[in-house]
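A quick write-up on the structure given underneath.
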2 protein chains.
Amino acid sequence: MSSTIITPAPAPTTLSSTLVARLRDSIMRGDLLPGSKLNLGRLRAAFGVSLSPLREALCRLENDGLVALIDQRGYRVTPVSAENLTEIIRLRVEFEGLAIKEAIEHGDVAWEGRILAALHQLNRCKRGSRSTAELESWEVAHRAFHAELISACGMPLLRQFCATLHDQSDRYRRIFLKKHPPDRDVPAEHTAMAHAVIERRTRDASKILRVHIERTGRNIQAVLPRK
Amino acid sequence: MSSTIITPAPAPTTLSSTLVARLRDSIMRGDLLPGSKLNLGRLRAAFGVSLSPLREALCRLENDGLVALIDQRGYRVTPVSAENLTEIIRLRVEFEGLAIKEAIEHGDVAWEGRILAALHQLNRCKRGSRSTAELESWEVAHRAFHAELISACGMPLLRQFCATLHDQSDRYRRIFLKKHPPDRDVPAEHTAMAHAVIERRTRDASKILRVHIERTGRNIQAVLPRK
DNA sequence: TCCTCCCACAAAATCGATTTTTTTCGTTTT
DNA sequence: AAAACGAAAAAAATCGATTTTGTGGGAGGA
């Protein structure tokens with residue numbers, strides 16, 4: 001019993017789980033193009049793994065709507081379309097709107113604190129930065145902030161649905177707004193949202209959230225290639 | 001080109017896909033108990049398949065929320081709880097309510113026809129029957145009817161979410177109301193719902209749907225074992 | 001020229017065996 | 001007696017190889 005350092009998280013992970021994260025990143029950043037076929041042999045080689053964990057990882061990405069499996073002809077990256085994006089945005093407004101209402105009703109002081117913490121971390125990330133690592137840390141903080149807003153809604157399934165939809169719209173944003181400068185007033189909106197939520201201004205919070213989601217949607221639609 | 005009979009469905013299926021259906025049935029009917037551990041070795045033997053397709057099938061059932069995977073310690077059947085059921089019911093009301101509103105707005109005559117067809121098929125199934133096959137055909141028709149009601153909503157993702165939630169609440173109903181006689185007025189409610197939808201009485205349709213879903217929820221809650 | 005059939009190739013799906021990790025259960029230590 | 005340990009057993013995860021299925025192209029026939 002000397003000064004043994006207890007590892008905070010034993011990192012109980014598996015190859016498949018690691019692969020899920022790696023593949024998700026590749027799809028999210030657009031390295032794997034929407035609609036493109038995922039050749040198992042090539043992927044296996046590229047990631048240096050066997051077929052079993054690769055297949056399992058892809059299967060798990062199906063849950064998130066990032067890939068689709070067709071019997072006997074393998075996996076492809078989920079294609080993108082204006083209609084699909086429209087639905088994602090619409091459902092995000094509905095689902096997150098419901099979730100935030102419930103969260104405002106049930107959230108306690110600890111939750112308020114977590115929101116402020118998440119907001120702080122988010123605002124510390126320079127969005128305009130050129131560095132990939134910094135952009136990535138903004139993405140992480142942004143996702144965490146939105147998740148925290150609804151974390152007190154008391155509905156695990158709903159939170160999962162929201163997370164899935166958020167991921168899907170993030171893919172659009174990251175691929176199609178890659179070269180666009182981020183909106184100026186986004187940080188202000190996040191701050192306004194956090195305060196509206198904490199002060200239990202349900203109406204305000206819902207509205208800011210809706211505007212926030214829909215504006216991003218329109219920005220993407222504007223540059224989405226037409227069919 | 002003699003009298004070649006064209007197979008209606010080439011059945012482009014794979015072992016994994018077959019397994020998904022078989023496992024889903026086992027879980028839905030409660031053969032595999034909620035919360036129970038799924039021993040891969042035993043399952044492999046029971047279904048006469050290898051690990052690869054079995055693993056893939058289980059992974060796909062995760063999407064439907066019927067099983068859960070924990071790294072390094074395998075799969076288990078999703079446990080049940082009063083809170084979980086409450087959330088499922090709540091979300092079904094919200095999601096299907098939204099979907100039916102959109103469907104009423106966008107549905108055409110062909111859709112109306114499909115609803116009546118589905119309703120007819122449903123009403124032809126004797127719910128009170130003792131035969132397993134007949135009960136099963138009612139389940140199929142019932143699911144098809146509810147799916148048809150919202151099929152015109154123009155939102156594939158939402159339909160998928162609704163289908164998932166429907167499956168989950170069906171599992172509760174099939175397991176916990178196995179020995180209870182079905183409610184007398186359920187067929188009448190289906191008919192009323194179909195007509196309200198076709199006649200574009202949005203308000204009525206939503207209300208009937210909500211009552212329909214919530215009553216089943218209460219019936220299950222009443223017999224759900226307390227913790 | 002166009003269509004159909006057949007073969008070789010590529011890819012997906014599946015299997016059986018091997019490697020890791022967790023769980024179990026007796027044994028020891030305090 | 002309770003906690004701690006460790007080796008054996010069980011189970012999950014992974015791998016490499018085999019089988020099955022889809023695909024593309026060319027020969028043969030209309």
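Convention: sequence-line order gives letters A, B, ...; per-chain numbering from 1.
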Residue pairs, two or more places apart or on separate chains, that pass ring-ring contact (aromatic ring centres under 6.0 Å, His included) and touch residues 73-103 of chain A: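 Pairs touching residues 73-103 of chain A that pass the test: A:F95-B:F95, A:F95-B:F161.
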If you check the [X] side chain, which of [options] turns out closest?
X: A:S16; options: D:dC15, D:dG22, D:dT14; answer: D:dT14
X: B:L40; options: D:dG22, D:dA12, C:dT14; answer: D:dA12
X: B:P53; options: C:dT14, D:dT14, C:dT22; answer: C:dT14
X: B:Q72; options: C:dT22, D:dA11, C:dC15; answer: C:dT22
X: B:R42; options: D:dA11, D:dT14, C:dG16; answer: D:dA11

Could you tell me the separation between the [atom1] atom of [X] and the [atom2] atom of [N], rounded to a whole number of Å?
X: B:L69; N: D:dA12; atom1: CG; atom2: P; answer: 10 Å
X: A:D71; N: D:dT20; atom1: CG; atom2: P; answer: 17 Å
X: B:L54; N: D:dT14; atom1: CG; atom2: C1'; answer: 15 Å
X: B:E56; N: C:dT14; atom1: CD; atom2: C1'; answer: 10 Å
X: B:L43; N: D:dA10; atom1: CG; atom2: P; answer: 18 Å
X: A:I70; N: D:dT23; atom1: CD1; atom2: P; answer: 10 Å
X: A:K37; N: D:dT23; atom1: NZ; atom2: C1'; answer: 11 Å
X: B:N39; N: C:dT24; atom1: CG; atom2: P; answer: 12 Å

Smallest separation among heavy atoms of B:V80 and B:R171, with atom names: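 What the structure gives for the nearest pair is CG1-NH2, 3.6 Å.
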Nearest-nucleotide 5' precedence on DNA chain D, B:L38 against B:S52: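 So the residue in question is B:L38.
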Of A:L51 and A:L15, the one whose closest DNA chain D nucleotide lies more 5':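 That would be A:L15.
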Candidate pair A:H146 and A:R92, rule side chain to side chain contact (heavy atoms under 4.5 Å, CB included), full reasoning: CA-CA 11 Å; A:H146 275 274; A:R92 275 195 66 192; 4.2 Å; yes
B:T14 side chain near C:dT14 phosphate (N/O to OP1/OP2, under 4.0 Å):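 Affirmative; the distance criterion is met.
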D:dA11 phosphate, OP1 or OP2, under 4.0 Å from B:R73 side-chain N/O: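 For B:R73, the contact criterion (side-chain N or O under 4.0 Å from OP1 or OP2 of D:dA11) is not met.
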Only distances under 3.5 Å count here; give the side-chain donor-acceptor pairs of residues 35-51 of chain B to other protein atoms, sequence neighbours excluded, each with its distance to 0.1 Å.
from: B:S36; atom 1: OG; to: B:L33; atom 2: O; distance (Å): 2.6
from: B:N39; atom 1: OD1; to: B:G41; atom 2: N; distance (Å): 2.9
from: B:N39; atom 1: OD1; to: B:R42; atom 2: N; distance (Å): 3.0

Stepwise salt bridge (Lys or Arg N to Asp or Glu O under 4.0 Å) check, A:E94 with A:R90: CA-CA 6 Å; A:E94 296 283 347; A:R90 173 76 192 280; 3.4 Å; yes
